[in-house]
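Not measured: the values here are computed from a predicted model. Letters A, B, ... mirror the listed sequences (proteins, then strands); counts begin at 1. As a basis for the values below, the full set of heavy atoms in this structure was taken, side chains included, without hydrogen atoms, waters or symmetry mates.
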Amino acid sequence: MARITSSVAKSPKPDQPVDSLYARIYATVRSIPRGRVSTYGRIARIVGGCGARQVGYAMAALPDGTRVPWQRVINHKGEISNRKHGSGAGSQRLRLLAEGIHFNFKGRIDLQRFGWPRH
DNA sequence: CCTGTGACGTCCC
DNA sequence: TGGGACGCCACAG
C-alpha cells in the first residue's frame, strides 16, 4: 500500500499526481447539492488557481457513467453551454429538469434562485 | 518546446 | 439587453 518513493525531490513532476487539478474540480462539483446549480467560473473560484475554461475542459473529460453531477454546472448566463461535440446538452437539460430545476421562457436558469453557493 | 483549441468570463459599446 | 473582442489556462499533438 504505502509505497515510500526514495526519489522525491529528484523528479520535477510526479508520475502519480495524487492531488491533480481535475480531482479538485470534480470534488467541488460533487459538493453541489441536488436541485442546485453552479457556474464554471464559480467552481474555478472555489478551487482556485484555475480559470473557468479549465472547469469546462474537466467536464468534457469526464467519462460516461460518472458519479460527478456535471449537469449542475452551467455558464454565468444561467444557460447550458453548447459543446463542440454533439448532444449532451439535451441530456443535461433533462437531468436538471428531473432535479426540479426550472427554466425560464428564455431557456435560462435563475441563478439567484437555484445558484450555489447561495448568495 | 511551441502551437492550437475549448461544456468560460469580463469588459465595452 | 444584446452582441463582439479580448483574456485565461491546462491539455493534446
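The nearest whole Å value for the distance from the OH atom in A:Y40 to the C1' atom in B:dT10 is 17 Å. Atom pair A:E79:CD and C:dG3:P shows a separation of 12 Å (rounding to whole Å applied). Rounded to an integer number of Å, the gap from A:K77 NZ to C:dT1 C1' is 12 Å. Following rounding to the nearest Å, A:R83 (CZ) and B:dT5 (C1') show an atom-to-atom distance of 17 Å. Following rounding to the nearest Å, A:K84 (NZ) and B:dG4 (C1') show an atom-to-atom distance of 13 Å. The CE-P distance, from A:M59 to B:dT5, rounds to 23 Å in whole Å. Going from atom CD1 of A:I74 over to atom P of B:dA7 covers 17 Å, rounded to whole Å.
In this structure, A:K106 reaches the C:dG2 phosphate: one of its side-chain N or O atoms is under 4.0 Å from OP1 or OP2. Contact between the side-chain N/O atoms of A:H76 and the OP1/OP2 oxygens of B:dT10 is found at a separation under 4.0 Å.
A pairwise comparison of heavy atoms in A:W70 and A:S91 identifies CH2-OG, 4.2 Å as the closest pair. When all heavy atoms of A:A52 and A:A44 are compared, the closest pair comes out as N-CB, 3.8 Å.
Listed by first and then second residue, the side-chain hydrogen bond (donor to acceptor under 3.5 Å, both in side chains) pairs that reach into residues 23-51 of chain A come to none, sequence neighbours excluded.
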Pair up each side-chain donor or acceptor in residues 95-105 of chain A with any protein partner under 3.5 Å, not counting sequence neighbours, and list the distances.
unit_1, atom_1, unit_2, atom_2, d
A:E99, OE1, A:G35, N, 3.3
A:E99, OE1, A:R72, NE, 3.0
A:E99, OE2, A:Q71, NE2, 3.1
A:E99, OE2, A:R72, NE, 3.2
A:E99, OE2, A:R72, NH2, 3.0
A:N104, OD1, A:K106, N, 2.9
A:N104, OD1, A:G107, N, 3.0
A:N104, OD1, A:R108, N, 2.7

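Which of B:dG9, C:dG2, B:dA7 sits closest to the side chain of A:R108 comes down to C:dG2. Proximity note for A:S81 (side chain, C-beta onward) versus C:dT1, B:dG9, B:dA7: the nearest is B:dA7.
In the hydrophobic cluster analysis, where Ile, Leu, Val, Met, Phe, Trp and Tyr join through side-chain heavy atoms closer than 4.5 angstrom, A:I80 is grouped apart from A:L62.
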Please list each protein N or O that sits under 3.5 Å from an N or O in nucleotides 7-12 of chain C, with the distance.
unit_1, atom_1, unit_2, atom_2, d
C:dC9, O4', A:Q54, NE2, 2.9
C:dC9, O2, A:Q54, OE1, 2.4

A:R83 vs A:Q92, side chain to side chain contact (heavy atoms under 4.5 Å, CB included): CA-CA, chis, key distance, verdict: CA-CA 11 Å; A:R83 69 280 271 146; A:Q92 183 172 8; 3.3 Å; yes
Side chain to side chain contact (heavy atoms under 4.5 Å, CB included) between A:M59 and A:V29, worked out: CA-CA 10 Å; A:M59 292 301 103; A:V29 174; 3.7 Å; yes
